[in-house]
Amino acid sequence: MDIRYDFKAIEAKWQKYWEENNFYQVKEDSQKPKYYNLEMFPYPSGNLHMGHVRNYAIGDVVARFKTMKGYNVLHPMGWDAFGLPAENAAIKHGHHPAKWTYDNIANMKRQLKSLGISYDWTREIATCKPDYYKFTQWMFLKLYEHGLAYKKYSAVNWCPSCQTVLANEQVVEGKCERCEATVEKKQLEQWFFKITAYAQRLLDDLELLSGWPEKVKTMQRNWIGRSEGCQFSMQVEETGDEIPVFTTRPDTVFGVTYMVLAPEHPLVEKISQGKPQEKEVKAFVERMKYLNEITRTSNETEKEGVFTGAYAINPMNGEKVPIWIANYVLMEYGTGAIMAVPAHDQRDFEFARKYNLPIKVVIKGEDSPATAEEMTAAYTGDGVMINSGSFDGLTVEEGKKAVIAYMEEKGIGKGTVNYRLRDWLISRQRYWGAPIPIIYCENCDIVPVPEKDLPVLLPENVEFKPNGESPLKYVEEFYKTTCPNCGREARRETDTMDTFVCSSWYFNRYCSPHETEVPFDKKAVDYWMPVDQYIGGVEHAILHLMYARFFTKFLYDIGMLSCVEPFTNLLTQGMVLKDGSKMSKSKGNVVSPEEIINKYGADTARLFILFASPPEKDLEWSDQGVEGCYRFLNRVWRTVTSYADKIASVDLPDKSEVFDREAKKLHYKTHATIKKVTEDIEERFNFNTAVSAIMELSNTLNDYAHGETQNLKVIKEAINAMLLLLSPFCPHICEELWHLIGNQNSIHLERWPEYDPEALIQEEIEIVIQINGKVRDKINVAPDIGEEELKQKVTEHPRIKELTKDKKIVKIIVVPQKLVNIVVK
RNA sequence: GCGGAUGUGGCGGAAUUGGCAGACGCACCAGACUUAGGAUCUGGCGGUUUAUCCGUGGGGGUUCGAGUCCCUUCAUCCGCACCA
């Protein structure tokens, strides 16, 4: 048989065949173990990029491998379809976001299909479709019902150039991600989800995630930012106002020499009123307002502040200390006010030195300075309490507990836990998102839309404002409604939800994507969830993965789910680089997947991406590397087609078969490769080494094919194994060749090959001989050779004898099956 | 500043439990076939003074033996960054 490797025809043929035969459609099946394999769904931006290809190629290998291993594999795909770019396209070019989005989905779906990924397309979802966002709104209502969705005034990011609010994640280093204008703060009324209510569980349950990268868990831990300490109040001397402060160092409370409020603190105006400093305080507060958060809170920014003119009383010792306001205290964290202990806090120390505030040492370490004069920096190490009344002599750890206990006993304060995690701001003044299902009634105030009225449909006929304002505010038939409570005229909420809300529960929807009454069927999620393997970029380490965990815990609490964590195993793939940096239009180093597929085929593109680097590491794109993979597939094609007719009716070797030396070599290699590839995929996800092992098998097979004898049974065995092992990586070419060598059924319905341990038993093994740890020679021996016999053989080996003749053998170390090391003097 | 990761040929990367450093691929070199080769096949390919010695960012250590373990140091990348 001599036909050329026509990848275009082959790939089109099998893609059509798989699609027409619903090849990858799955149903719940209690007879088989389930495996839910999921790749993060894409935003339909228009075209697939290499990062997508990498993500889905990795996922497809896992899905196809697990299927061949006998699992019932759920492998779905969908679209994270709401979002800003669609709306920007509408503003700029006049396309409706819906049309823009659906066109992009169609195009990207076509591209995905051309990659030959084994998705069950009957489960496809798009978050912008009413049948989906109906349930995103349902999620909102449930959270609201449980007191976990609420509204409050809050400062948000405002881009003066785009004339719009931005999500936190769209602010990069204080600047607008798109136009690079400096982002300002603006006060607006916003909807929040109370993720902070789950802070401790989100932190604790990271322990359950042994299948997650440490890096991601660490990032989440930092993001949650738990710290233990205590909260107590300092009383303002004149007005009697209580100002709560949070500290992790209650043991240093006797070292307080001043206190600091954030400039935005609500008591600032009151306590400075009528004071000589009033004007200065007001000017400082005004100035801080106009600084963006990054410059204000950067470590490089010098600490500055002003005295308010007021004093507060330290409840532990009755001492009177001045109240300052300063840039280094943030309203968002803790209580927005601190007790300042310059001797034992570096920030307070710098501030105190700058403004000549007193410094009082209350912790004495072994080599730490005992007086403020000697200090060049705050002392933050271990030690014992001094100058602290009856607490003197306690260690830092004992002191913390003792002071908290004392405060609790006297009713001064209490031990508390503080988190850096803040509630999740989910409202967006945007059109292209799921409308928040809330109605405002003058009579009944805030009224949730009744479940039976869902979905609150996004009106299609809207006009986009060039200034970026949400068009929903101007669509009367949308916002004008009646109150579900009292029936009077009322107004709908015109804000929509953050797209991260849509993606926080989508993995459940895939389990029963056509449900119309509930977001997902309980039986279906109980069968499929949790996701066994989740694969995506590390850029979602915190936001998406934290929100999804939060939603899962909430859905568990209300009895919708039986699992507390959504993703058992997480693989964060590396980026695809070109010339050492991320592919981007501005750098002009973008390689288009479509071009590569046209030039070399999907199998080559997939193979290269899996071969070039282990999945979690960054991958450097190389056109020549792609060529290499293309050549390899051509070699496979030539080898297999040249034997296709010859092996079609040949049997596989049976157990008792006796091979000659060369045939044995190939037989051994076949089984060693099955073992290696299986372990590489199953245990380590080392697809790069799995591919190189298959290449080695191909090389050995070619060597044998060029040799003198031809045992067709062994050749057939090798070809079968090679195609089966390669089929998750390169599904099209393997399918075609599988049929060409005489098989009637799809290779993708075959079971994963198993190696025969007997094939791995060798008559002779090579033993390395070292002298003083340096390799000097190698000998072949029987694998079951005894240690004494081996020692003898080695020492009698001519070359070794020669090299050791004038030396004294001190010791001989034998590593069974591997090496012998002769230690000489 | 804190936390994490990574440093191996000209390049991407192997070395899984402390046991042959450089698998596999790219690039390169030589040869074969050929009217031709950016096709294919064969061979070579860390350095070197080539039966030797050196070599996994640098320095030190443990060990019969270290890319792998320990100490120290440098570089690059990523995340967080006045978190009270």
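In what follows, every chain begins at residue 1, and chains take the letters A, B, ... in the order their sequences are listed.
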Validation row, ring centre A:Trp424 to ring centre A:Phe500 under 6.0 Å:
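They do not qualify: ring centres at least 6.0 Å apart.
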Ring centres under 6.0 angstrom apart (A:Phe611, A:Phe687)
no
I need the single residue from A:Phe307, A:Tyr258, A:Trp324 that forms a ring-ring contact (aromatic ring centres under 6.0 Å, His included) with A:Tyr355. Which is it?
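So, applying the ring-ring contact (aromatic ring centres under 6.0 Å, His included) to A:Tyr355 and each of A:Phe307, A:Tyr258, A:Trp324, only A:Trp324 qualifies.
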Considering only B:G65, B:C20, B:A51, which nucleotide approaches the side chain of A:Asn821 most closely?
B:G65
Counting only side-chain N and O atoms of [X], is one of them less than 4.0 Å from OP1 or OP2 of [N]?
X        : N     : result
A:Arg631 : B:C24 : no
A:Thr247 : B:A84 : no
A:Asn688 : B:A23 : no
A:Arg347 : B:A81 : no

Per the atom types in the model, does the base of [N] pair as donor or acceptor with the side chain of [X] at under 3.5 Å?
X        : N     : answer
A:Lys818 : B:C20 : no
A:Lys811 : B:C64 : no
A:Lys774 : B:U52 : no

Listed by chain and number, what are the side-chain contact (heavy atoms from CB on, under 4.5 Å) partners of A:Arg221, not counting sequence neighbours?
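Listed in chain order: A:Leu203, A:Leu206, A:Glu207, A:Glu214, A:Lys217, A:Thr218.
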Need one value for A:Gly628: base, sugar-phosphate or nothing, where a base atom within 4.0 Å counts as base even if backbone is also close, heavy atoms only.
sugar-phosphate
Applying a 4.0 Å non-hydrogen cut-off, can you work out what A:Glu627 is touching in the nucleic acid: base, sugar-phosphate, or nothing?
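Touches nothing.
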Rounded to whole angstrom units, what separation is found between the CZ atom of A:Phe632 and the P atom of B:C26?
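Taking CZ of A:Phe632 and P of B:C26, I get 11 Å after rounding.
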Between C1' of B:A84 and CG of A:Asn327, the distance in whole Å
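In whole Å, B:A84 C1' and A:Asn327 CG are 14 Å from each other.
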For A:Asp777, what residues pass the side-chain hydrogen bond (donor to acceptor under 3.5 Å, both in side chains) criterion, not counting sequence neighbours?
A:His797
Any idea how A:Tyr333 and A:Phe246 line up, ring-wise: parallel (<30°), tilted (30 to 60°), or perpendicular (>60°)?
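Plane angle over 60°, so perpendicular.
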Check each residue of residues 215-223 of chain A for a non-hydrogen atom within less than 4.0 Å of any atom in RNA chain B, then write out the ones that pass by number, or none.
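The answer is A:Lys215, A:Thr218, A:Met219.
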